[in-house]
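Have a look at the structure below, then the notes.
Residue numbering restarts at 1 for every chain, and letters A, B, ... go by the order of the sequence lines. The structure displayed is predicted, hence computed values, not measured ones.
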There are 2 protein chains.
Amino acid sequence: MLESTAILKAHHLKVTPQRLAIFKMLRHTNVHPSAETIYNSLQEDHPTMSLATVYKTLDAFVQNGLVQQLNLGEDSYRYDADTSPHSHMQCTVCKSVEDIEQLQQVAPIKQEVQELTGYQLLSEQFYFYGICPECQKTAQ
Amino acid sequence: MLESTAILKAHHLKVTPQRLAIFKMLRHTNVHPSAETIYNSLQEDHPTMSLATVYKTLDAFVQNGLVQQLNLGEDSYRYDADTSPHSHMQCTVCKSVEDIEQLQQVAPIKQEVQELTGYQLLSEQFYFYGICPECQKTAQ
DNA sequence: GTTACTGCAAAGCCTTTGCAGCTGA
DNA sequence: TCAGCTGCAAAGGCTTTGCAGTAAC
């Protein structure tokens, strides 16, 4: 994995401790945190960092394609440092979000949409909702 | 098409002029309006109706499965009276939203996700983004 | 030395809530 | 009648903005 500092520099973003902390945290988690979650989890190491800085930083990352903003129909956005094209799945019980990488069936559906609509397709977001294996066990 | 009044009654919703107006408007449009758009377009016929009533009404409709709430990553939600399972496509230029009905490739991707994740799949939302035929012409 | 970022507070915006009065069934 | 809806105003919650001070380069 490339060094976080190098990636920020490559995008002409000034490397500050706050930015590094947010970026590294996002790259090392798979929980798809919200701005508030990020803020809280960095409170201990960066007690003076403000929520506004988290938002501004996340915005800068999204603008530069370093992070992807997820809109799962909750009250707030979630953020994902995995920028490869992939889908997301949310458990309707525990609200956790999982990445679904490399679905074979994405290409055919994109092609069908393109043929059907005449749109010049730029991107897509697939959100799946269901009950995760863990919560299925608990329910029994 | 079933009468709007009958549909509301069937869901034990009191039939008020405001609700009828909102429901009919949604059933006769394909622009996927926001709460504010609905409010504005009904101002002439229902000048005393408040935005809060629009929100409360839309919430009641969504709870009863009469209307579906769309989350396209804009500042506000959009609403769609077409409750059949279908996908949505938004033009990134003119921001218009189109329904995409009966995609053949939805079933295979759902099956792939189910097998891959072990989730009990409940629902899904597919959002496509691109440039519509109209805007493609304009750009040339 | 500049440019751009941080942090605080305040504001913005969409949406929800509380409540008194009204109305549909 | 009376449960439930409307409309007004106020509040809520997430996110953005303005600005002075500060830090990165």
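- Side-chain to base pairing of K14(B) with dA3(D): one donor and one acceptor N or O lie within less than 3.5 Å of each other.
- Comparing atom distances between the T16(B) side chain and each of dT6(D), dG7(C), dA24(D) picks out dT6(D) as nearest.
- To the nearest angstrom, C1' of dC13(C) lies 12 Å from OH of Y77(A).
- Residue Q18(A) has no polar side-chain atom (N or O) positioned under 4.0 Å from OP1 or OP2 of dA23(D).
- Taking atom CG of L42(A) as the reference point, atom P of dT6(C) lies 13 Å away to the nearest angstrom.
- Within a 6.0 Å radius of CD in Q69(B), other residues, nucleotides and ligands contribute more than 12 heavy atoms.
- Residue E36(B) has its side chain nearest to dC14(C) when only dA9(C), dC5(D), dC14(C) are considered.
- Set against dT6(D), dC14(D), dT15(C), the side chain of Y55(A) has dC14(D) as its closest nucleotide.
- Contact annotation for P17(A): backbone-only contact, meaning every heavy-atom pair under 4.0 Å involves sugar-phosphate atoms and none involves a base.
- The distance from atom CD1 of I22(A) to atom C1' of dT6(C) is 11 Å, rounded to the nearest whole Å.
- Each of L70(B), L26(B), T29(B) was checked for a side chain to side chain contact (heavy atoms under 4.5 Å, CB included) with D80(B), and the lone residue meeting it is L70(B).
- Donor-acceptor pairing under 3.5 Å, judged by distance alone, is absent between the side chain of K9(B) and the base of dG24(C).
- When the P atom of dG7(C) is taken as reference, atom CG of L58(A) falls 14 Å away, rounded to whole Å.
- Rounded to the nearest 0.5 Å, atoms OG (S84(B)) and CD (Q68(B)) are 8.0 Å apart.
- Taking the side chain of K56(B) as heavy atoms from C-beta on, and the options dG7(D), dC14(D), dT16(C), the nearest nucleotide is dG7(D).
- Within the nucleic acid shown, T53(A) comes within 4.0 Å of at least one base atom, counting heavy atoms only.
- Per the geometry, CZ belonging to R19(B) stands 10 Å off P belonging to dA25(C), to the nearest Å.
- In this structure, L20(B) atom CG and dC5(D) atom C1' are separated by 13 Å, rounded to whole Å.
- Between the CG atom of L8(B) and the P atom of dT23(C) there is a distance of 19 Å, rounded to whole Å.
- More than 12 heavy atoms of other shown residues, nucleotides or ligands fall within 6.0 angstrom of atom CD in Q43(B).
- The aromatic rings of Y129(B) and Y127(B) are tilted relative to each other, their planes meeting at an angle between 30° and 60°.
- Separating the CZ atom of F61(A) from the P atom of dC5(C) is a distance of 11 Å, rounded to the nearest angstrom.
- Of the candidate nucleotides dC14(C), dC14(D), dA9(C), dC14(D) has the atom nearest to the side chain of D75(A).
- Remark on DNA chain D: of its neighbouring residues M49(B) and Q69(A), the 5'-side contact belongs to M49(B), judged by nearest-heavy-atom nucleotide.
- If you check every strand for non-hydrogen atoms under 4.0 Å, T48(A) touches sugar and phosphate atoms only.
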